[in-house]
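Accompanying notes for the structure given below.
Both counts, for ligands and for their atoms, begin at 1 and track the order of listing. Just so you know, these numbers come straight off a predicted model, no measurement behind them. Side-chain atoms are counted along with the backbone in the values below, which use heavy atoms only and exclude waters and symmetry mates.
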Amino acid sequence: MTQLSPHPKHFLSDKVEHFTESVIREMTRQAMQHNAVNLAQGFPDFSAPAEIKRAAQEAIAADINQYAITWGAKSLRSAIARQMREWQGIEVDPEKEIVVCCGSTEAMIATLLAVCNKGDEVVVFEPFYENYGPDSILSGAKPRFVSLRPPQVAGAEWTFDEQELREAFQHQTATHHTKAIILNTPNNPTGKVFTRRELELIRDLCVEYNVLAITDEIYEHILYDGSEHISMARLDGMRDRTITINGLSKSYSVTGWRVGWAVAPPAITNAIRKVHDFLTVGAPAPLQEAGAAALSLPASYYRELAERYRTRRDHLIPALEKAGFRCYLPRGAYYVMTDISAFGFANDVEFAAHLVKDIGIACVPGSSFYKHPKDGSQQVRFAFCKKPETLDEAATRLAKLALG
Ligand code: PLP
């Protein structure tokens with residue numbers, strides 16, 4: 001019998017070949033190795049609310065420990081529908097229009113797998129949350145990027161070119177056509193909160209070209225300076241072509257619980273439910289019950305959450321600016337994108353390596369948010385979802401960078 005070479009590549013999927021390891025998780029690994037302050041990964045280093053931890057403990061004690069209904073516990077789906085009505089004025093049928101998943105991460109990939117076919121293209125604003133690229137590829141679609149341009153003057157907003165966006169929607173060939181746009185507002189990594197005018201422009205293109213909007217609204221409650229979160233599904237003409245993705249991770253500081261959801265019209269929900277069932281069967285049952293308790297917290301909880309993050313933003317940014325970073329002021333989410341040209345490094349990866357090893361702060365190289373690394377080669381992102389003492393320590397270390 002001839003001996004075939006067990007070359008590892010032979011056993012691997014072509015899809016995965018182009019994926020790099022998640023840069024964000026790699027930076028967290030380096031932060032641990034160098035005992036650095038981790039401002040790379042977007043997880044809070046402070047406690048989750050006591051009442052929701054208690055609800056999780058009670059659910060386990062009450063033996064809610066077996067599979068939940070595959071598309072989500074009724075209590076959580078009802079709470080999601082209630083929140084969407086109260087916060088956005090959107091009526092949702094919890095029996096037919098919600099799928100609870102293992103985090104919004106699973107909700108996004110399950111949605112793309114449910115709606116995309118080979119040859120479909122998905123419009124994505126860049127810089128983008130790093131999962132959207134691989135998510136599109138795994139679902140057989142091709143991402144088509146549209147630039148968000150950084151503010152030119154202090155306090156201005158990230159913008160996009162309307163014509164460039166239109167061209168991305170228009171792009172059609174015999175074998176390719178635009179199926180969906182992925183929108184993330186409030187946005188990671190830029191902190192941009194899309195305005196009503198911008199959303200209406202996107203809405204008009206979705207309607208004109210018969211395209212879906214998949215909106216990742218995981219930072220909906222983390223808003224600053226009076227900015228308002230507008231759900232795409234709330235705009236006229238969008239209810240039937242929008243999949244709204246959200247989750248517990250960011251609003252309730254429980255990124256490890258892995259509970260998120262997709263809200264979509266019944267036929268699309270049905271398709272997402274099938275994919276979700278085969279991917280994971282269901283999200284953690286007791287944590288879904290705790291999720292229902294979380295979504296019942298009073299409005300004051302969300303005001304305090306946003307105010308707490310605003311204080312942290314206003315704590316970190318002056319320290320970064322003093323050290324020589326140009327900061328793009330975020331209006332939502334808990335990251336600040338910065339320009340590092342003043343430091344004279346060849347690229348963001350070298351700069352991030354210096355920052356973690358010699359200064360003791362982990363950040364995320366900007367290139368990981370772009371298709372072409374050079375587009376982000378003079379940017380890095382910091383997360384400020386950290387305790388005040390963590391940010392104090394970062395500020396002390398940043399002073400070394402300024403002196404150096
Ligand atoms: N979407 C965005 C834009 C994010 O920034 C993150 C986490 O950083 C996620 C989704 C992941 O959310 P989840 O924990 O619900 O999977």
task: Considering the heavy atoms of N184, write down every atom of ligand 1 situated less than 4.0 Å from one of them.
output: 3 (C)
query: Does S249 approach ligand 1 within less than 4.0 angstrom via side chain, backbone, both or neither, non-hydrogen atoms only?
result: side chain
- prompt: So, does Y219 sit close enough to ligand 1 that a heavy atom of it is under 4.0 Å from the ligand?
  reply: yes
- prompt: Hey, is G103 one of the residues with a heavy atom under 4.0 angstrom from ligand 1?
  reply: yes
message: Measuring from non-hydrogen atoms of R258 to any atom of ligand 1, is the shortest distance under 4.0 Å?
response: yes
task: For S251 and E220, test the side chains for any donor-to-acceptor distance below 3.5 angstrom and give the result as yes or no.
output: no
- request: Would you mind telling me if ligand 1 is within reach of the side chain of E106, the backbone, both or neither, using heavy atoms under 4.0 Å?
  value: neither
task: May I ask whether Y335 places a heavy atom under 4.0 Å from ligand 1?
output: yes
query: Is it true that the NZ or CZ of K192 lies under 6.0 Å from the centre of F194's six-membered ring and within 45 degrees of the ring axis?
result: yes
statement: for atom 2 (C) of ligand 1, nearest protein heavy atom and its distance come out as D216 OD2, 3.4 Å
- request: State whether R310 and E307 are salt-bridged, where the test is any N-O pair (Lys NZ or Arg NE/NH1/NH2 against Asp/Glu carboxylate O) under 4.0 Å.
  value: yes
message: Whether R381 engages the ring of F369 as a cation-pi pair (distance to the six-membered ring centre under 6.0 angstrom, angle to the ring normal within 45°) should be assessed.
response: no
- prompt: Nearest protein heavy-atom contact for atom 16 (O) of ligand 1: which residue, which atom, what distance?
  reply: T105 OG1, 2.5 Å
message: Just checking K96: does its NZ atom have more than 12 heavy atoms from other residues, nucleotides or ligands closer to it than 6.0 angstrom?
response: no
- prompt: Do K250 and F43 meet the cation-pi criteria used here (NZ or CZ under 6.0 Å from the six-membered ring centre, within 45° of the axis)?
  reply: no
query: So, the side chain of Y370 versus the backbone of E126: is there a donor-acceptor pair under 3.5 Å, distance only?
result: no
field: Residue-ligand contact K250/ligand 1, heavy atom below 4.0 Å
entry: yes
query: Looking only at protein heavy atoms, which one is nearest to atom 13 (P) of ligand 1, and how far off is it?
result: S104 OG, 3.4 Å
- request: Go through the side-chain N and O atoms of Y224 and D314 and say whether any donor and acceptor fall under 3.5 Å apart.
  value: no
query: With respect to atom 9 (C) of ligand 1, which of W257, Y129, F128 exhibits the smallest heavy-atom separation?
result: Y129
message: I'd like to check which ligand 1 atoms, numbered from 1 as shown, lie under 4.0 Å from a non-hydrogen atom of Y132.
response: 3 (C)
- request: State whether R149 and E164 are salt-bridged, where the test is any N-O pair (Lys NZ or Arg NE/NH1/NH2 against Asp/Glu carboxylate O) under 4.0 Å.
  value: yes
